[in-house]
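What follows is one structure encoded as structure tokens, with my remarks underneath.
Both backbone and side-chain heavy atoms feed into the values below; hydrogens, waters and symmetry mates do not.
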Amino acid sequence: MSNINENELVSLREICDESCLRKDPETGRIVRKTAYFSSMEAMIEGAFQFVGLFEKMHREGKVFCSNSPEAFRFSLRTGQVVFQEENVPCTIDISEFLAPELVEVMAEEGNLSDDSFTIETDYYFMSVFLFEYFFHTGSPFEGKKMVNRCFLSPLEKELFRAEQGQFCMDIGENENMPVKGIQDKLIRYWKEYPDILQKMFQKAFLDRGTLCELRPTEVDWKQTLVRMAMDYRNCRCGFHGFSYRLVSQENGTFTCPKCGKVYYPLSNGMDRILLAEGERLYECQTGRDPFNKDKVTALIVENRQRKGLYGIKNISQGVWRGIFPNGSVKEIGKGQGIPIWNGMMIRFESGEEWSLRLVQQTEESEVEEYEQ
């Protein structure tokens, strides 16, 4: 938790550093305070809104003609992001936020014009920023190779990175691996996040990040961040974490490592939705807006007639189609539901079909008895 005032905004740079300098109201002295998000939800929301700012900018035909992180301010409590254009410096700083093609222009011409910046340079900036945002470790190329070149000037260092750099978390990487004692945060945090985030950075920084066509777009990042938000578990027992930390069971279910709460995996063949008592489903999972992660569209509730039997209750305006294990079909409108049974299938408003396939089977007689 942060010891910054919850209503105070902190800069992107301060989030990357996980600390900031502030005046103590009692002593008047400048002191260093920690700057951590209040929750993983707030952190993901901050990243989502940050990407949304670039999406809006690009829709308006604009690009970010800078590489300064000072223009972006975040609420550590909610993740809200404010863009303060007046904080954009007039000069360009030589740093890891500068795309490789911009570094080359700086080396040849000594400065950059607004025309040097493009949507592709924005994509690079977003990826490098988000890397520091989640891992707090400096440049994504700051591994063993770069640490051994600490004597280079800022421009020489960035030129080396643009020409010979290597992402320090590439698959099978050993030449530029993170250095213990220097990049301990990266080594620790990398394991904490799901592989969907890891793969995004491995794609973004392939071949030193020079492949513009592989740089993740705003849509790519929004899709990943929405999936992360849906994957994060907040159990009533106090457990918090991404779903990979749940305990896999032989029958195909998962359980909370702290209290044993059971999660049932609903799958469309590529992704999954984890169903459990008290959980909610959202528009991005069941509806037509794949980026709306805030609107609740379904609840996991206990059946009124049969204690211990839970179902998915539709609280949206859309109509779903449920297919029971015995093949019978039911239209599921607002206020109606379908039980969480092995072999069930459901087609949400989005049109995707999701099913639950476990090892054991549900008896057809149970289906006939079900009333939601």
Side-chain angles (χ1 to χ4, degrees), residues 44 193-200 220 222-235 239 241-257 260-293 295-301 303 309-316 318-332 336-364 366-367 370 372:
I44 294 174
Y193 292 102
D195 60 358
I196 55 173
L197 184 64
Q198 298 170 359
K199 290 176 180 177
M200 281 290 284
D220 293 330
K222 287 176 68 175
Q223 288 174 339
T224 297
L225 293 166
V226 166
R227 288 180 65 189
M228 287 177 62
M230 296 301 101
D231 188 62
Y232 195 73
R233 303 290 101 189
N234 269 312
C235 189
F239 166 78
F242 292 101
S243 66
Y244 74 84
R245 294 182 59 192
L246 300 177
V247 181
S248 177
Q249 303 298 314
E250 290 184 0
N251 67 350
T253 61
F254 299 85
T255 57
C256 172
K261 177 180 176 178
V262 179
Y263 291 84
Y264 297 87
L266 200 61
S267 175
N268 65 355
M270 294 181 62
D271 297 318
R272 70 183 183 191
I273 298 174
L274 294 177
L275 310 174
E277 177 188 359
E279 296 291 308
R280 300 175 176 182
L281 274 60
Y282 296 85
E283 174 74 16
C284 59
Q285 296 172 306
T286 72
R288 300 180 184 275
D289 185 350
F291 300 127
N292 189 335
K293 55 184 177 53
K295 182 180 178 181
V296 179
T297 56
L299 302 173
I300 308 302
V301 298
N303 184 270
L309 175 62
Y310 292 86
I312 310 172
K313 182 178 181 180
N314 182 2
I315 61 170
S316 75
V319 177
W320 308 339
R321 172 169 290 187
I323 303 174
F324 288 80
N326 64 355
S328 60
V329 179
K330 175 185 177 183
E331 296 293 315
I332 305 171
Q336 298 178 313
I338 183 173
I340 301 174
W341 266 330
N342 186 25
M344 62 167 280
M345 183 179 296
I346 186 168
R347 180 181 296 169
F348 292 119
E349 189 182 2
S350 62
E352 283 190 292
E353 288 189 352
W354 298 75
S355 60
L356 176 62
R357 304 294 182 192
L358 302 178
V359 174
Q360 77 272 18
Q361 296 296 320
T362 301
E363 296 295 332
E364 289 192 8
E366 289 184 306
V367 178
Y370 177 78
Q372 184 68 31

Is there side-chain contact between P194 and R227, with heavy atoms separated by less than 4.5 Å?
no
Rounded to the nearest 0.5 angstrom, the CG-CD1 distance for L299 and I315 is 4.0 Å
Rounded at 0.5 Å granularity, tell me how far CE in M345 sits from CH2 in W354.
12.5 Å
Measuring from L274:CG to T253:OG1, what's the distance to the nearest 0.5 Å?
10.5 Å
Output for pair (K330 NZ, I332 CD1), nearest 0.5 Å, gives 6.0 Å
Would you give the length of the straight line joining atom OG of S355 to atom CG of N268, rounded to the nearest 0.5 angstrom?
8.5 Å
Using the ring of each side chain (for Trp, its six-membered ring), is F348 parallel, tilted or perpendicular to W320, with breaks at 30° and 60°?
perpendicular
V359 vs E250 side-chain heavy atoms within contact, under 4.5 Å
no
Close side-chain approach of I312 and I300, heavy atoms under 4.5 Å:
yes
Is there a side-chain contact between L275 and I273, using heavy atoms and a 4.5 Å cut-off?
yes
Distance-only donor-acceptor check, side chains E283 and S316, under 3.5 Å
no
Salt bridge present between E352 and R347 (N-O < 4.0 angstrom):
no
Find the distance between CG (L225) and CZ (F291) and round it off to the nearest 0.5 Å.
10.0 Å
Under the criterion side-chain contact (heavy atoms from CB on, under 4.5 Å), I'd like the reasoning laid out for Q223 against D220: C-alpha separation, chi angles, the key distance, then a yes or no.
CA-CA 5 Å; Q223 288 174 339; D220 293 330; 4.2 Å; yes
Side-chain touch M344/L266, heavy atoms, less than 4.5 angstrom:
yes
Non-neighbouring partners of R288 that pass salt bridge (charged side-chain N to carboxylate O under 4.0 Å, His left out), sequence neighbours left out:
E349
Would you verify whether the NZ or CZ of R245 falls within 45 degrees of the ring axis of F239 while also being under 6.0 Å from that six-membered ring's centre?
no
Using a strict 4.0 Å threshold on nitrogen-to-oxygen distance, state whether R233 and E279 make a salt bridge.
yes
